[in-house]
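Okay, structure first, notes after.
Model, not experiment: these values are computed from the prediction. A, B, ... follow the sequence lines: proteins, then strands. Residue 1 opens every chain.
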Number of protein chains: 2
Amino acid sequence: MTARPLRADARRNREALLVAAREAFLAGDADAHVEEIARRAGVAVGTLYRHFETREALLEEVYRRRADELCAAPAELLGRHAPDEALRRFLLLLVEHAAESKGMAVALETIMARDSPTFGDARTRMAEALDLLLEAGVAAGTVRGDVSGRTLLRALGGICSMHPTDGWTDEAVRITEILFDGLCVAGVARGAAGRPRSGG
Amino acid sequence: MTARPLRADARRNREALLVAAREAFLAGDADAHVEEIARRAGVAVGTLYRHFETREALLEEVYRRRADELCAAPAELLGRHAPDEALRRFLLLLVEHAAESKGMAVALETIMARDSPTFGDARTRMAEALDLLLEAGVAAGTVRGDVSGRTLLRALGGICSMHPTDGWTDEAVRITEILFDGLCVAGVARGAAGRPRSGG
DNA sequence: AGCACAAGCGGAGTCGGACTCAGGTTATGG
DNA sequence: CCATAACCTGAGTCCGACTCCGCTTGTGCT
């Protein structure tokens with residue numbers, strides 16, 4: 001149980017592997033070969049497997065770290081905005097991140113969509129981040145209380161499972177706004193972004 | 001160019017392969033082995049590969065056929081309901097299909113999410129089916145015109161990338177209703193869920 | 001500094017699953 | 001009922017994830 005600290009070289013290698021993997025995965029090559037990642041990190045595959053159970057475990061660690069970075073946002077947003085606005089901004093933040101980095105899109109998609117228990121951790125953190133926002137909104141009476149962060153996450157996952165067609169970002173943002181509006185309690189919805197409901 | 005008709009035995013084998021693959025894939029085992037599928041169809045792998053370029057090509061054909069079945073629904077729904085109601089029913093139809101069959105969920109997810117050009121065809125048909133409904137709604141003035149079938153498809157894909165947790169269906173239906181409400185033009189939205197839209 | 005040794009590392013080798021191809025089999029048109 | 005092209009088979013190839021064990025090295029102790 002008592003995990004003694006890693007030896008210095010081991011810690012360095014572990015970090016190098018994560019950096020290499022992050023480069024490969026977040027750069028969009030979700031099926032980069034382990035051999036290649038190990039080579040980039042300057043170690044052999046054996047070393048990679050000493051640090052990560054499987055290829056997928058490495059993938060998860062990379063995505064989990066990325067998710068953690070994003071999960072810091074809600075608390076900060078809540079400090080600066082009303083709950084519903086904070087929620088809106090966070091949703092758009094995720095979508096925009098996905099738009100600008102194919103890797104992030106794959107990451108979001110993977111974390112949210114996959115069945116594998118492996119991603120449960122990242123998924124849970126992400127869902128909790130959303131719950132934080134949703135609950136604040138419910139407490140303020142501006143957001144409906146019958147949708148869980150987890151469910152919302154799935155819808156976002158779908159939206160983010162993108163492929164950079166021209167104009168994708170616009171549509172993704174639009175449908176995210178629709179989703180957001182639906183989450184707001186009727187009549188209390190903010191009018192912020194000046195989004196005219198276009199007729200047709 | 002002029003494809004002469006398949007020999008009788010070849011046609012039979014091809015069909016048997018599709019049946020076997022459908023059983024495997026739609027039953028939820030999205031990574032069934034080719035060997036197994038061939039065995040179930042009573043042929044050898046070589047035969048499988050004579051009919052389908054790759055494993056993924058077979059997968060696609062199965063999913064494409066399934067998608068075609070579902071794509072027949074919109075036209076029929078439009079004949080019996082107002083456009084917005086038809087749209088709503090179709091969205092819920094997809095979600096419910098996904099709920100009752102893990103395989104269909106995987107199918108929807110795969111068709112909608114994957115980057116591979118392989119699924120472009122099925123994706124396009126599905127998007128067109130949605131476009132049909134959206135356009136009818138726009139013409140009737142009840143549905144907004146700034147969201148494409150393709151985009152909607154993605155959001156649904158996310159919602160459907162489910163894993164049968166208890167209560168999933170309820171949440172999926174709920175978030176789909178939210179999405180639907182958002183698609184309706186303000187003030188004209190049907191009253192079903194009792195959630196009048198705020199003017200934006 | 002020097003030593004003991006557990007932690008760590010390298011990389012050839014195993015294993016499993018998608019895919020191929022040479023040779024036998026069979027539908028089909030004449 | 002023959003010729004032949006289409007078809008089928010399944011052992012073998014290829015390739016990528018993962019393993020294993022002998023060698024190397026950081027670390028704690030004297």
Side-chain angles (χ1 to χ4, degrees), chain A residues 1-25 27-63 106 110 114-119, chain B residues 1-25 27-63 106 110 114-119:
Chain A
M1 269 303 87
T2 50
R4 84 182 49 182
L6 284 178
R7 231 167 67 175
D9 56 343
R11 192 152 17 81
R12 233 170 332 170
N13 283 337
R14 187 188 164 80
E15 221 47 46
L17 280 164
L18 280 168
V19 168
R22 179 175 185 135
E23 267 170 29
F25 293 146
D29 186 6
D31 30 73
H33 297 176
V34 289
E35 207 89 34
E36 171 67 11
I37 292 171
R39 203 185 53 66
R40 280 215 224 182
V43 303
V45 279
T47 304
L48 188 154
Y49 280 99
R50 158 159 284 265
H51 290 289
F52 303 95
E53 198 83 1
T54 65
R55 181 181 178 287
E56 182 150 285
L58 173 57
L59 186 71
E60 191 218 351
E61 182 63 17
V62 169
Y63 288 174
V106 174
T110 309
R114 274 288 181 83
D115 201 2
S116 78
T118 326
F119 290 96
Chain B
M1 270 308 83
T2 50
R4 84 183 49 184
L6 285 177
R7 229 168 67 175
D9 55 345
R11 191 154 17 81
R12 235 175 340 202
N13 283 338
R14 187 187 165 81
E15 222 47 46
L17 281 164
L18 281 168
V19 168
R22 178 175 184 135
E23 268 169 27
F25 293 147
D29 187 6
D31 28 78
H33 299 174
V34 289
E35 207 89 34
E36 171 67 10
I37 292 170
R39 202 185 53 66
R40 281 215 222 180
V43 303
V45 278
T47 304
L48 188 155
Y49 281 99
R50 157 161 283 265
H51 291 288
F52 303 94
E53 198 84 2
T54 63
R55 181 181 177 286
E56 181 150 286
L58 173 57
L59 187 70
E60 191 218 350
E61 183 63 17
V62 169
Y63 287 173
V106 174
T110 309
R114 274 288 181 82
D115 201 1
S116 78
T118 328
F119 290 95

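- Residue B:R12 holds its CZ atom at 9.5 Å from CZ of B:R7, rounded to the nearest 0.5 Å.
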Listing time: all N or O pairs from protein to nucleotides 1-3 of chain C that are below 3.5 Å?
none

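- With rounding to whole Å, B:F52 atom CZ is found 15 Å from C:dA18 atom P.
- Regarding A:H33, its NE2 atom lies at a distance of 14 Å from the C1' atom of D:dC18, rounded to whole Å.
- Between B:Y49 and the phosphate of C:dC19, there is a side-chain N or O to OP1/OP2 separation shorter than 4.0 Å.
- Residue A:T47 places none of its side-chain N or O atoms closer than 4.0 Å to OP1 or OP2 of C:dG8.
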Quiz item: So A:D31 and A:R55, side-chain contact (heavy atoms from CB on, under 4.5 Å) or not? Walk me through it.
Solution: CA-CA 10 Å; A:D31 30 73; A:R55 181 181 178 287; 3.9 Å; yes
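- Taking atom CG of A:L48 as the reference point, atom C1' of D:dG16 lies 13 Å away to the nearest angstrom.
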Practice problem: Please assess A:Y49 against A:L58 for the test side-chain contact (heavy atoms from CB on, under 4.5 Å), listing each intermediate value before the final yes or no. | Solution: CA-CA 9 Å; A:Y49 280 99; A:L58 173 57; over 6 Å; no
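- Note that the CD1 atom of A:I37 and the CG atom of A:L59 stand 8.0 Å from one another [nearest 0.5 Å].
- Rounded to an integer number of Å, the gap from CD of B:E56 to C1' of C:dC19 is 14 Å.
- Of the inter-residue distances, the one linking A:D9 atom CG with A:T47 atom OG1 reads 9.5 Å to the nearest 0.5 angstrom.
- If you take CG on B:L48 and CG on B:L17, they are separated by 5.0 Å, rounding to the nearest 0.5 Å.
- Note: A:H51 NE2 to A:E15 CD = 10.0 Å, rounded to the nearest 0.5 Å.
- If you check every strand for non-hydrogen atoms under 4.0 Å, A:V45 touches a base.
- With distances taken from any side-chain atom of A:R55 to the nucleotides D:dC8, D:dA17, C:dC9, the minimum falls on D:dA17.
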Exercise. Mind running side-chain contact (heavy atoms from CB on, under 4.5 Å) on B:F52 and B:E60 for me, showing each step along the way?
Key: CA-CA 10 Å; B:F52 303 94; B:E60 191 218 350; over 6 Å; no
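- More than 12 heavy atoms of other residues, nucleotides or ligands lie within 6.0 Å of CD in B:E36, so this atom counts as buried by the packing criterion.
- Rounding to whole angstrom units, CD of residue A:E36 and P of D:dG16 are separated by 11 Å.
- Listed nucleotides C:dC9, C:dT20, C:dG10 differ in distance to A:A44; the shortest reach to its side chain belongs to C:dG10.
- Rounding to whole angstrom units, CZ of residue B:R39 and P of D:dT9 are separated by 14 Å.
- In this structure, CG of A:N13 is placed 13 Å from C1' of D:dT24, rounded to the nearest angstrom.
- Using a 4.0 Å cut-off, some side-chain N or O of B:H51 falls inside it from OP1 or OP2 of D:dC8.
- Between B:D31 and A:A10, the residue anchored closer to the 5' end of DNA chain C is A:A10, taking for each the nucleotide with the nearest heavy atom.
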Exercise. Indicate for each nucleotide in nucleotides 25-30 of chain C, in 5' to 3' sequence, whether protein heavy atoms under 4.0 Å reach the base (B), only the sugar-phosphate (S), or nothing (-).
Key: -BSS--
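- The distance from atom CD of B:E35 to atom P of D:dT9 is 12 Å, rounded to the nearest whole Å.
- Atom CD of B:E53 has 12 or fewer heavy atoms from other residues, nucleotides or ligands within 6.0 Å.
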